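Structure first, commentary second.
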Amino acid sequence: MLFEFFIAKKHILEHKKQSFIGIIGIAIGIMVLTVSIGISNGLNKNMIDSILSLSSHVTVIGNENIKNYDSLEDTFKTYSEVKGVIPKVTTQGIVKYNGILGTYVSGVKLDGLDLGKAIPALNLESKIKRGDIDLSNMKGVIIGDELLNRIAGSIGDSITIISANNKELELEIMATFQSGYYDYDLSMILLPLRTAQYMTERDETVSSIDLILNNPYDAEKVSNKIYSDTGLFNRTWGSLNQNLLRALSLEKTVMIIGFSLIVIIAGFVVWVILNTMVREKIRYIGIMRSMGISHSSVIKIFLIQGIILGATGIIIGVIVSLFLLWYIKTYSLPGISSIYYLTKVPIELSLKELLTIIGTNTTLIFLSSIFPAYRAGKLKIVEALRHD
């Protein structure tokens, strides 16, 4: 094997230009695929995390207004997958604000929450941008930071909210939140559960019970358990956002197929390089065969050449890709905050995905190498020596 390796190395060094092109082609293919998947995964995860930042993982709706929500809450807390349970009243409303820019009127989503339970379950305090949550203030509301900027208001200002039941109530802005999801930050208002029950004339009932899980991907399991234990209709975050999840999955699939073409082209380049080497070395192959070198050794020589080119390109591509992903994740890119609702590009790349990329490229390079190598190995000695 040392003999074959020595000859393969000699061939590569004799064709430095072609070898360099092959290595660079493989490295670029690895870089494009790895970086694109890392960024795509990060953006998708960031979008899902933003949507779930103020949303439940499982929403128990029932068939009508839920009355005995305290006992149901105790039942759901016994599930090991559940992090928190939040009784909620959800409705649509209109917000009015008289400020320095005039009167602002807009439709909003009103979420009445038991804030004492929502704070630990949703990590609500970490999302507060301005002001503080006062649990004793039944007239205090939390609005999105984007909404506060839109109305040019301040903490402590009064706003008027009109519910779908046509009840008008003057409330106070006690804090703002930033969820990372623009629609929430612009058109969602959080208010105390009692206040929401009063505005919607629900008395002691709620419209839903939100379950926050330790792992959002346990939602289907918990949903089935809830239906089995209580018979209550419920929805998971996956079913509520299934169109978005399908779109993200399709987008990623199309992207991988598109960028995989670069990897296939790199494999084709290796095939062309080795074929060229075989044509140039036909007489040389004949001399080696006449000296007693077996056809399997000739095959190994050219196979090792392809493996060396592929391994070098893959190693360089992986190292550069990981560096680029680290740089993109660590440092803000100029102007990104003006295009996307984030300050840094999120990166998400699992070891399994990285190994899949490396394994796929290794297989492709091996297949690209084996055909030229086999062609070199099956050359007959007499025909090879006669080749000019």
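Only this structure's heavy atoms are used, side chains among them; waters, hydrogens and symmetry mates stay out. The structure displayed is predicted, hence computed values, not measured ones.
Tyr184 pairs by the ring pair (Phe, Tyr, Trp, His ring centres under 6.0 Å) definition with Tyr181, not counting sequence neighbours. Residues meeting the side-chain hydrogen bond (donor to acceptor under 3.5 Å, both in side chains) test with Asn165, sequence neighbours left out: none. For Phe20, there are no ring pair (Phe, Tyr, Trp, His ring centres under 6.0 Å) partners at least two apart in sequence or on another chain.
Taking 4.5 Å as the limit, every side-chain heavy atom of Ile307 sits out of range of all side-chain heavy atoms of Ile365. Between Ser36 and Met255, some side-chain heavy-atom pair lies under the 4.5 Å cut-off. Between Thr356 and Glu353 there is no side-chain heavy-atom pair separated by less than 4.5 Å.
Counting only distance, with no hydrogens or angles, the side chain of Thr91 and the backbone of Leu110 share no donor-acceptor pair below 3.5 Å. A side-chain donor-acceptor contact under 3.5 Å links Lys127 to the backbone of Leu122. Between the side chain of Ser53 and the main chain of Ser50, a donor-acceptor pair closer than 3.5 Å is present. Under the 3.5 Å distance criterion, the side-chain polar atoms of Thr236 are matched with a main-chain donor or acceptor of Ser239. A side-chain donor-acceptor contact under 3.5 Å links Asn149 to the backbone of Asp145. Formation of a donor-acceptor pair under 3.5 Å by the Asp185 side chain with backbone atoms of Gln178 is not found in this model. For the pair Trp237 (side chain) and Pro216 (backbone), a donor-acceptor distance under 3.5 Å is present. Side-chain atoms of Ser368 come within 3.5 Å of backbone N or O of Gly267 as a donor-acceptor pair. A donor-acceptor contact shorter than 3.5 Å links the side chain of Asn361 to the backbone of Ile357. A donor-acceptor pair under 3.5 Å is formed between the side chain of Ser207 and the backbone N or O of Thr90.
At a threshold of 4.0 Å, the pair Lys225-Asp229 does not count as salt-bridged, since none of the basic side-chain nitrogens sits closer than that to a carboxylate oxygen. A salt bridge does not link Glu348 to Lys252: none of the charged nitrogens lies less than 4.0 Å from a carboxylate oxygen. Ion pairing of Glu73 with Lys77 is present here, as a side-chain N (NZ or NE/NH1/NH2) and a carboxylate O approach within less than 4.0 Å.
Side-chain atoms of Glu251 and Asn44 form no donor-acceptor pair, as typed in the model, at a separation below 3.5 Å.
Each of Leu193, Thr195, Leu171 was scored for a side chain to side chain contact (heavy atoms under 4.5 Å, CB included) with Met138, with one residue passing: Thr195.
Around atom CD of Glu172, more than 12 heavy atoms belonging to other residues, nucleotides or ligands sit under 6.0 Å away.
To the nearest 0.5 angstrom, Tyr79 atom OH is 8.5 Å from Leu211 atom CG.
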